[in-house]
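Working notes for the structure below.
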There are 2 protein chains.
Amino acid sequence: MKRWTIKDIAKKAGVSITTVSRVLNHKEEGMSQKTREKVLKVMEEVDFQPNQFARGLVTKRSKTFGLIVPNISNPYFPELCRGVEDEANESEYSLIICNSDDQTEKEKRYLRLLEEQQVDGIIFSAKDSLDPSDEEQLSRAKIPFVLIDRGKNEKKHSGVFLDNDKGGYLAGKHLIELGHRRIGCITGPKSIALSNDRLEGFQRALLESGVELPPSQIIEGNFQMEMAYHKSKDLLMKKEVTAIFACNDVMACGVYRMAHELGINIPTDLSIVGFDDIPLISALIPKLTTIRQDTYQMGREAVNLLIQKLENKDTTSVMFNPTLVVRESSTSPKL
Amino acid sequence: MKRWTIKDIAKKAGVSITTVSRVLNHKEEGMSQKTREKVLKVMEEVDFQPNQFARGLVTKRSKTFGLIVPNISNPYFPELCRGVEDEANESEYSLIICNSDDQTEKEKRYLRLLEEQQVDGIIFSAKDSLDPSDEEQLSRAKIPFVLIDRGKNEKKHSGVFLDNDKGGYLAGKHLIELGHRRIGCITGPKSIALSNDRLEGFQRALLESGVELPPSQIIEGNFQMEMAYHKSKDLLMKKEVTAIFACNDVMACGVYRMAHELGINIPTDLSIVGFDDIPLISALIPKLTTIRQDTYQMGREAVNLLIQKLENKDTTSVMFNPTLVVRESSTSPKL
DNA sequence: TTGTAGGCGTTATCAT
DNA sequence: ATGATAACGCCTACAA
């Protein structure tokens with residue numbers, strides 16, 4: 001026998017296909033308990049699985065979500081994906097994952113792909129703010145979507161975000177409280193909003209204590225280790241700063257490496273604070289003080305938000321709070 | 001207007017739906033160039049997208065693959081996923097990713113989910129060897145599948161694997177050549193075949209040079225950092241070995257940490273060789289010597305294999321070769 | 001070269 | 001409480 005259909009089930013159970021369909025869809029009314037059980041038994045026996053194509057054809061639902069992230073190999077994202085996947089599966093959705101590599105080109109292609117696959121919704125971690133043409137495509141296709149991590153735009157779209165300004169503030173405050181007065185910062189790309197948010201929060205904390213952050217102590221990185229490694233050299237050699245705030249953990253690793261090469265001891269000679277608290281950093285020696293975000297939970301929350309949208313409920317963005325995790329890489333400066 | 005159908009296109013272009021269908025499916029014969037162009041133009045104009053449900057209903061194909069991995073948060077897997085995804089997408093397939101957490105329970109559930117979603121094929125990184133009930137489910141559902149990384153079983157199923165024995169051998173050989181004679185090994189779980197393969201290859205290399213590997217110098221780990229960290233303590237404190245082969249990079253990180261705590265310098269006092277060459281380790285100081293595998297390419301290859309299966313071609317497993325990457329963590333032992 | 005019509009497996013709308 | 005039947009949108013013999 002090939003695949004069983006409700007027709008087959010109906011025949012075998014001696015009922016109509018309508019009845020089988022009712023059982024399948026848990027319609028409670030309009031059926032005797034006996035009939036229901038009879039049908040269920042047959043379905044059980046043959047391990048019946050309804051054809052999703054046929055179903056989708058009429059219901060217009062695929063029970064599938066799409067997730068677009070920049071790059072799963074970026075250690076920030078696996079946790080986020082897990083959160084999204086676990087929550088999606090608990091709500092009986094499958095998840096199609098796409099990596100955009102932060103290329104508008106690919107974002108578009110995948111948006112198109114997901115539209116073709118007729119996903120019921122999309123969770124989107126965009127390049128930065130949502131590209132206008134992406135936006136148009138999304139609205140034309142009328143696919144519900146939520147943003148995550150990036151692309152915050154208060155009024156326009158709902159999503160799940162981190163309070164990056166606060167994160168930066170926590171980092172700055174922590175270093176100030178330790179007694180640091182000459183502090184450097186390695187930022188993410190200026191073109192990315194969350195990167196600027198972190199810097200601004202950081203500066204605000206310093207300013208509150210009257211500490212200056214001269215441009216020469218701000219280095220623009222790209223969230224990658226390599227560039228942070230190279231660009232931190234000047235800053236470290238001039239010995240002008242006693243502490244550095246790296247706007248993500250991966251760049252903090254780059255600083256670790258350069259410090260080690262230059263014979264600068266962490267934290268004795270130099271304190272470092274990272275951002276994200278990705279799993280990777282448990283391998284660092286000494287352990288990295290960082291600003292933690294609950295990426296996994298953010299992923300779960302994004303799915304909840306999306307499901308609410310599907311149910312036409314009013315949705316508002318969810319803002320997560322970062323927390324400071326003090327470990328070994330930050331301490332008071334030497335006198 | 002709601003979604004366009006081929007019927008709408010047909011009307012607008014003044015042809016029959018058959019003709020539209022033909023254009024859609026790139027049937028070359030049986031149509032004048034003019035007609036084709038006319039239809040294409042209309043499709044272009046309205047940005048037509050065929051309904052995959054309707055299509056699948058008749059073709060029985062979803063243009064979707066499923067990928068089951070233990071855990072995307074394990075740093076070995078993101079690269080593998082990327083390989084699978086990139087190759088799948090280039091062949092016009094979407095990818096549903098599932099994390100089994102190495103639980104047979106979840107493997108089953110996801111297998112079921114993928115079956116329900118009617119994926120065209122599955123790429124499976126099983127717990128170890130393929131569970132008999134999984135096997136049964138797979139064959140009952142008649143879903144083509146290939147294994148990847150784990151579950152090698154020469155005769156039974158094809159897949160993409162690494163020559164782990166060779167990898168272990170390379171590690172052993174390298175340390176021997178550096179002059180080490182007292183060497184420790186931290187293995188993966190004994191229950192996992194590839195873990196034993198690595199150990200066996202390693203032992204073979206030592207044996208060739210008449211070097212013993214007493215049981216006291218073999219520690220069974222679980223591929224995680226924590227356990228490797230704790231369990232390596234004894235070995236390191238007794239100062240019995242001048243080198244350690246950790247059967248994956250993550251465990252090597254654990255050893256780094258313990259060595260640091262005990263004031264043991266790497267590589268002066270202790271050489272370390274890892275396995276995998278995961279991206280994470282670029283953060284380690286000193287840089288880790290390791291056995292590299294081309295995980296990304298293995299992912300791509302798995303998709304190729306699967307596609308060949310779909311085309312009913314004869315398929316045989318693909319075996320990848322690991323390579324030794326010498327960095328800073330291994331050197332000759334002190335006299 | 002082009003068109004007609006039946007069927008794919010469900011759900012949903014009416015009947016009974 | 002249960003059943004017959006028309007969609008849903010596409011593909012594919014078979015006709016013309």
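Residue numbers begin at 1 in each chain, while the letters A, B, ... track the order of the sequences.
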Quiz prompt | Nearest-angstrom distance from the residue atom CD of B/Glu37 to P of C/dT1 | solution = 15 Å
Quiz item: Are B/Glu37 and B/Lys41 close enough for a salt bridge, meaning some N to O gap below 4.0 Å?
Solution: no
Quiz item: Is a side-chain donor-acceptor pair under 3.5 Å present for B/Thr19 with B/Ser16?
Solution: yes
Practice problem: Please work out which of the three classes, parallel, tilted or perpendicular, describes the rings of A/Phe145 and A/His157, given edges at 30° and 60°. | Solution: tilted
Quiz item: Does A/Lys60 come within less than 4.0 Å of A/Asp120, counting only side-chain N to carboxylate O?
Solution: no
Quiz item: Of A/Val160, A/Val84, A/Ile68, which meets side chain to side chain contact (heavy atoms under 4.5 Å, CB included) against A/Ile123?
Solution: A/Val84
Quiz prompt | Protein proximity profile, nucleotides 4-14 of chain C - base contact B, sugar-phosphate-only contact S, no contact -, cut-off 4.0 Å on heavy atoms | solution = B---BBBBB--
Quiz item: Which whole-number value in Å describes the distance from B/Lys34 NZ to C/dT1 P?
Solution: 13 Å
Quiz item: Among A/Lys309, A/Gln308, A/Lys313, whose side-chain hydrogen bond (donor to acceptor under 3.5 Å, both in side chains) with A/Glu311 holds?
Solution: A/Lys313
Quiz item: If we fit an axis to the first five pairs and another to the last five of the helix from C/dT1-D/dA16 to C/dT16-D/dA1, what angle do they make, to the nearest 10°?
Solution: 40°
Quiz prompt | Ionic contact status for B/Lys63 with A/Glu116, cut-off 4.0 Å | solution = no
Quiz item: Residues in ring-ring contact (aromatic ring centres under 6.0 Å, His included) with A/Phe124, at least two apart?
Solution: none
Practice problem: Rounded off to whole Å, could you give me the NZ-to-C1' distance for the B/Lys11 and C/dG3 pair? | Solution: 16 Å
